[in-house]
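Okay, so here's the structure we're looking at.
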2 protein chains.
Amino acid sequence: MAATLKTHDSETEEPTARQEAVLEAVLSLMVEEGDQLTMAAVARRASCSKETLYKWFGDRDGLLTATVQWQAARVRAGAYDRQSLDIATLRDSLKGFAANWLSVISSPTSIALNRLAIGHAASRKSNLGGIVLANGRFAIGERLRPVLEAGREAGLLHFDDAETAFRTFFGLVGRDVQIRLLLGDALVLSRAEIMRDAARATDQFLALHGAATSSKDDLAGPKA
Amino acid sequence: MAATLKTHDSETEEPTARQEAVLEAVLSLMVEEGDQLTMAAVARRASCSKETLYKWFGDRDGLLTATVQWQAARVRAGAYDRQSLDIATLRDSLKGFAANWLSVISSPTSIALNRLAIGHAASRKSNLGGIVLANGRFAIGERLRPVLEAGREAGLLHFDDAETAFRTFFGLVGRDVQIRLLLGDALVLSRAEIMRDAARATDQFLALHGAATSSKDDLAGPKA
DNA sequence: ACTTGACCGTACCGTACGTTACGGTTCGGC
DNA sequence: GCCGAACCGTAACGTACGGTACGGTCAAGT
C-alpha cells in the first residue's frame, strides 16, 4: 500500500508512478487553466477518483504540497564541481547558474507554481511559499555559495560576505523578469536571450567583485 | 450622484470621500486578513451595505480594480527635477529612487496588493496585474529614465540603452527582496537597512555605468 | 469460485461567497 | 411636513467547490 504522503509534515515518501501521474496532472492543470485547479478537475485530468486523491494526499493542501515538493525535487540541476579554478571556469560556472536560473523562473511551470504559492502565502495556512523559497531562491544560494567561496580562496573574487555577494548576483540575473512574469506581462525569453542575459549578468558581477578590479572591494558592503 | 466607477474599462472618475473610505477598508482588510477579502467583510469593515458596493463598483472585480488604481495613484512620489547635475546630485537621485522603491515593495500594502494581482493574473480576467505593473515597475522606469539620460548627457553615465541600464539598477536594488516577501519570508527591512541597501545598489550601479570607470562601458550590452 | 482490497465514477452534503432583493432610516429639496 | 433619493442592515438565492459515501469493476491471492 502506498501510505498517505502526508503522515507528518516533513515526512516525504517517494510517490509511486501512479501518484506521480496525478501530480503531473496537477501541474499541467495549473499551467494551462491557472485558476480551475479544483479537486474534481484534477481527478478528471488524472483519470482517478476524488476518493483516491483524498486517500493519498489527505486534503487539497496535501495535494498541492506534494506537487510543489515533487516539482522542486526535479529542478535540481547538477552541482558544479570545482575543477581547476581559473577565471574562465569561474565565469562559465556563474554563467551556467545564471542561465539555469533564468530558464527556471521563466518556465510556465515555475510561474504557475510561484503564483500558487504566493496566493497561499496570503492566507496563513500550509507553508507552500516556504517550500518554494527553500527549493528555489535558497537552494540556488546554497549551491552557488561554494563556487563563490572557492573563487575567493583562489583570489579570483573579492567580497566580504558570500550571502551579500550572492544576492547581488541574484539581482543582476533576475532583474525584473520574475515579477513581470508573475504579474502576467507578456515577456518571452528565448534561449538566446537567456544566454545573453546570463553573460551580461556574469560580466557585471565580475566587474563588481572580480579580482581584476581590485579597487571595487568596498562595494560588497559599504560601511553602513 | 457618484456615477459607477466602472462604466467603461479605463474610465476612471475620482472616487468620492465616502468611496475612498470603502477602498481604504478593502486595503486594510487585504493587509490584515489577506485571505478573507469577501464582499460581506468589506461592507462590514466600511460600514456600508453590499448593495452600495455593487452600485458603486459593479462587481467584485470592479471593486478590486478600483482599489488597485486608487492605491497606485497615491504611490507616485515627487519627480526628481534635474538641477545642476553633478555626480553628487545624480547619486542622491539614484539613492532616493532606490530607497523609495525598497520602501514601496517592502510595505505590507504593496505585498498584499501584488499578491492579489498575481493571484488574479493566474485566471485570465480583469487585468489587475497589468495595472500593478504599469504603476509600479514601469512607472518607476519612466520616472528614472530622464535621470539616467540626463546623467549620460552630462557625461556622468555611460550606457547604450537606458532601458537596459534601468533594469540593471532595478535588479541591484530589489535583488531577492520582493519575491521573498511575496512568498511569505519573514524579511524585515528597517529604515536603516533600506538606506544602506539603496546606497550599496547606487554605488554598484555607478561602478558599472559611472563615467569614472570608463573601461566598463561594454558591460551595458555585451556583443551577444 | 470466492474473498479482499484498491480503485473508478458519480451522486451527494455542507458551506462559503458572490449577487440580488427588500424593508427601514436619514436627509436634502419643496 | 412630505417625497424621493441615497444608503444601511439583513435576509435570501444560486452556485461552486471541498469533502464524503456508495455502488461497480478489476486483479491478486487462496
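Below, chain A is the first sequence line, B the second, and so on; all start at residue 1. Side-chain atoms are counted along with the backbone in the values below, which use heavy atoms only and exclude waters and symmetry mates.
- Atom CG of A/Leu64 and atom P of D/dG19 are 10 Å apart (whole Å).
- When rounded to the nearest whole Å, the span between CG of A/Leu37 and P of D/dG18 equals 8 Å.
- Put simply, the side chain of A/Lys50 and the base of D/dG19 share a donor and an acceptor less than 3.5 Å apart.
- The distance from atom OH of A/Tyr54 to atom C1' of C/dG9 is 15 Å, rounded to the nearest whole Å.
- When all heavy atoms are compared, the tightest approach of A/Leu64 to A/His120 is CD1-CE1, 3.8 Å.
- Between A/Asp61 atom CG and D/dG19 atom C1' the separation is 13 Å, expressed in whole Å.
- No donor-acceptor distance shorter than 3.5 angstrom exists from the side chain of B/Asn100 to the backbone of B/Gly96, with no hydrogens or angles considered.
- OP1 or OP2 of C/dC8 lies within a sub-4.0 Å distance of a side-chain N or O belonging to A/Arg18.
- Across A/Arg143 and A/Phe97, no two heavy atoms sit closer than the pair O-CZ, 3.6 Å.
- Distance A/Glu33 CD to D/dA16 C1': 16 Å, rounded to the nearest Å.
- Nearest nucleotide to the B/Asp59 side chain, out of C/dT19, C/dA6, D/dT20: C/dT19.
- Atom CG of A/Leu53 is separated from atom P of D/dA21 by 16 Å (rounded to the nearest Å).
- Protein atom CZ of B/Arg60 is 14 Å distant from nucleotide atom C1' of D/dA16, rounded to whole Å.
- Of all nucleotides listed (D/dC8, D/dA6, C/dT19), D/dA6 comes nearest to the side chain of B/Lys55.
- For the residue pair B/Thr16 and B/Gln19, the shortest heavy atom distance occurs at N-OE1, 2.9 Å.
- Contact annotation: A/Ser49 side-chain N/O to C/dC7 OP1/OP2 distance is not under 4.0 Å.
- Atom CZ in A/Arg44 sits about 13 Å away from atom P in C/dA11, given to the nearest Å.
- Side-chain nitrogen and oxygen atoms of A/Trp56 include none within less than 4.0 Å of the OP1 or OP2 phosphate oxygen of C/dA6.
- Residues B/Leu29 and B/Thr38 form no side-chain contact, since every pair of their non-hydrogen atoms from C-beta on lies 4.5 Å or further apart.
- In this model, the phosphate group of C/dA16 is not approached by any side-chain N or O of B/Thr38 to a distance below 4.0 Å at OP1 or OP2.
- Judged by distance alone, with hydrogens and angles left aside, B/Glu51 brings no side-chain donor or acceptor close enough to the base of D/dC7 to form a pair under 3.5 Å.
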